[in-house]
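Shown next, in structure tokens, is the structure this report addresses.
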Amino acid sequence: MTLLATVSRVRIETKRFGELEVDEARVLRFDDGLPGFPDDRRFALVDARDGDDVFYWLQSLDDPAVAFLAAVPWLFFPDYEPELPEADQALLGLERAADALVLCLLTVHRDQQTITANLLGPVIVNQQTRHGRQVVLAESRWPVQAPLAAAA
Amino acid sequence: MLVLTRRANQSIVVGRDVVITVLEIRGDQVRLGINAPREVAVHREEVFAEIQRENRNAAAVSADAAALLPAPRKR
């Protein structure tokens with residue numbers, strides 16, 4: 001007997017990309033939204049460049065106009081070591097570092113044609129629960145605008 | 001804004017679970033102790049504001065920004 005697994009797909013409206021269909025498994029919940037975006041509680045993780053596992057769009061399901069470019073930081077910042085404050089670990093129910101997906105939001109600076117990553121406030125997602133939050137590494141010296149150099 | 005005046009070693013209770021104590025006053029600096037449940041995040045306001053500002057900058061990204069991303073590593 002063959003069992004077929006069905007993947008739930010979700011249709012979302014986006015300002016930048018029109019209508020998108022994403023796997024429900026790619027929908028993340030942010031109980032506190034993001035600083036500056038408290039009402040955006042659900043985001044879809046969308047590949048920015050076909051499955052390179054580095055760049056993603058975080059597209060809000062609550063507001064089609066809200067989206068962020070994000071990157072897994074270590075390709076560009078191999079020494080990056082975000083230390084999660086206890087409060088955030090507790091809020092995310094993170095018991096093992098391996099369960100965490102770390103993404104840094106990118107800012108595109110049009111005049112200089114440069115992109116910077118926010119290392120001071122990484123987005124941390126518990127991959128087991130798909131809950132995420134933006135963590136403020138207030139006690140650290142990580143920059144809020146770290147320039148992305150080309151990958152070697 | 002609620003305004004309260006405290007001396008050293010006096011406290012303020014916020015909600016049911018957060019207690020802020022003035023530990024020491026030295027010159028123009030106040031040392032504060034925060035007692036809060038593990039899951040309540042506490043931050044210096046200017047750092048939170050910095051993250052908020054940068055998020056707004058980041059959210060201004062347009063769809064064609066992906067073209068500016070560094071080229072992928074050749075495998």
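Chain A is the first sequence line, chain B the second, and so forth, proteins listed ahead of strands; every chain is numbered from 1. Note that the coordinates shown come from a computational prediction; the quantities given were computed from them, not determined experimentally.
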Is atom CD of A/E21 surrounded by more than 12 heavy atoms (other residues, nucleotides or ligands) closer than 6.0 Å? yes
Side chain proximity check, A/V54 to B/L69, heavy atoms < 4.5 angstrom: no
Heavy-atom pair with the smallest gap, counting every atom of A/P35 and B/N55: O-ND2, 2.8 Å
Rounded to the nearest 0.5 Å, how far does CG of B/L68 lie from NE2 of A/H109? 11.0 Å
Residue pair A/R16 / B/A59: nearest heavy atoms and the distance that separates them: NH2-O, 3.0 Å
In terms of hydrophobic clusters joined by side-chain contacts under 4.5 Å, are A/V135 and B/V42 together? no
What option among A/L120, A/L58, A/V108 has the most heavy-atom pairs under 4.5 Å with chain B? A/L120
Chain B heavy atoms under 4.5 Å from A/V144: which part of the residue, side chain, backbone, both or neither? both
CG (A/N118) and CD (B/E50) are apart, to the nearest 0.5 Å, by 8.0 Å
Residue part contacting chain A, namely of B/R56, when any heavy atom lies under 4.5 Å: both
Can you establish whether the number of heavy atoms outside A/Q127 located under 6.0 Å from its atom CD is more than 12? yes
Could you check whether atom CD of A/E83 has more than 12 heavy atoms from other residues, nucleotides or ligands sitting under 6.0 Å from it? no
If every non-hydrogen atom of B/F48 is compared with every non-hydrogen atom of A/V136, which pair is closest and at what distance? CD1-CG2, 4.4 Å
Between A/L105 and B/E54, does the side-chain contact (heavy atoms from CB on, under 4.5 Å) criterion hold? Intermediate values first, please. CA-CA 9 Å; A/L105 301 184; B/E54 194 61 23; over 6 Å; no
So B/N57 and A/T116, side-chain contact (heavy atoms from CB on, under 4.5 Å) or not? Walk me through it. CA-CA 11 Å; B/N57 290 339; A/T116 60; over 6 Å; no
Do A/L103 and A/W142 sit in one hydrophobic cluster, given that two such residues count as connected whenever their side-chain heavy atoms are within less than 4.5 Å of each other, even indirectly? yes
For a quick test of reading the model, state the closest non-hydrogen atom pair linking B/P70 to A/R49 and the distance between them. O-NH1, 2.9 Å
Please walk me through it: do B/H43 and A/E139 pass side-chain contact (heavy atoms from CB on, under 4.5 Å)? CA-CA 9 Å; B/H43 298 301; A/E139 301 310 312; over 6 Å; no
Looking only at non-hydrogen atoms, find the nearest pair between A/R110 and B/S62 and report the distance. NH2-OG, 2.8 Å
Among the listed options A/Q145, A/Q89, A/K15, the residue most often paired with chain B at heavy-atom distances under 4.5 Å: A/Q145
In this structure, are over 12 heavy atoms from other groups packed under 6.0 Å from B/E24 atom CD? yes
Could you go through A/L106 and B/V61, starting from their C-alpha distance and side-chain angles, then the distance that decides it, and tell me whether this counts as side-chain contact (heavy atoms from CB on, under 4.5 Å)? CA-CA 9 Å; A/L106 305 180; B/V61 64; over 6 Å; no
Are A/L45 and A/L69 linked, directly or through intermediate hydrophobic residues, by side-chain heavy-atom contacts shorter than 4.5 Å (ILVMFWY only)? yes
Which atoms of A/A138 approach chain B - backbone, side chain, both or neither, heavy atom under 4.5 Å: both
Chain B contact via A/S60 - which portion, at a heavy-atom distance below 4.5 Å: neither
B/V3 and B/I12: same hydrophobic cluster, using ILVMFWY side-chain contacts below 4.5 Å? no
Does atom CD of B/E46 have more than 12 heavy-atom neighbours from other groups under 6.0 Å away? yes
Do the side chains of B/I25 and B/V19 join up, straight or via other hydrophobic residues, at under 4.5 Å, putting them in one cluster? no
Using a 6.0 Å cut-off, check whether atom CZ of B/R31 has over 12 heavy atoms from anything other than its own residue. no
Tell me, yes or no, whether the heavy-atom count around B/R6 atom CZ, taken from other residues, nucleotides or ligands under 6.0 Å, exceeds 12. yes
Relative to chain A, which segment of B/V40 carries a heavy atom at a distance below 4.5 Å: side chain, backbone, both, or neither? backbone
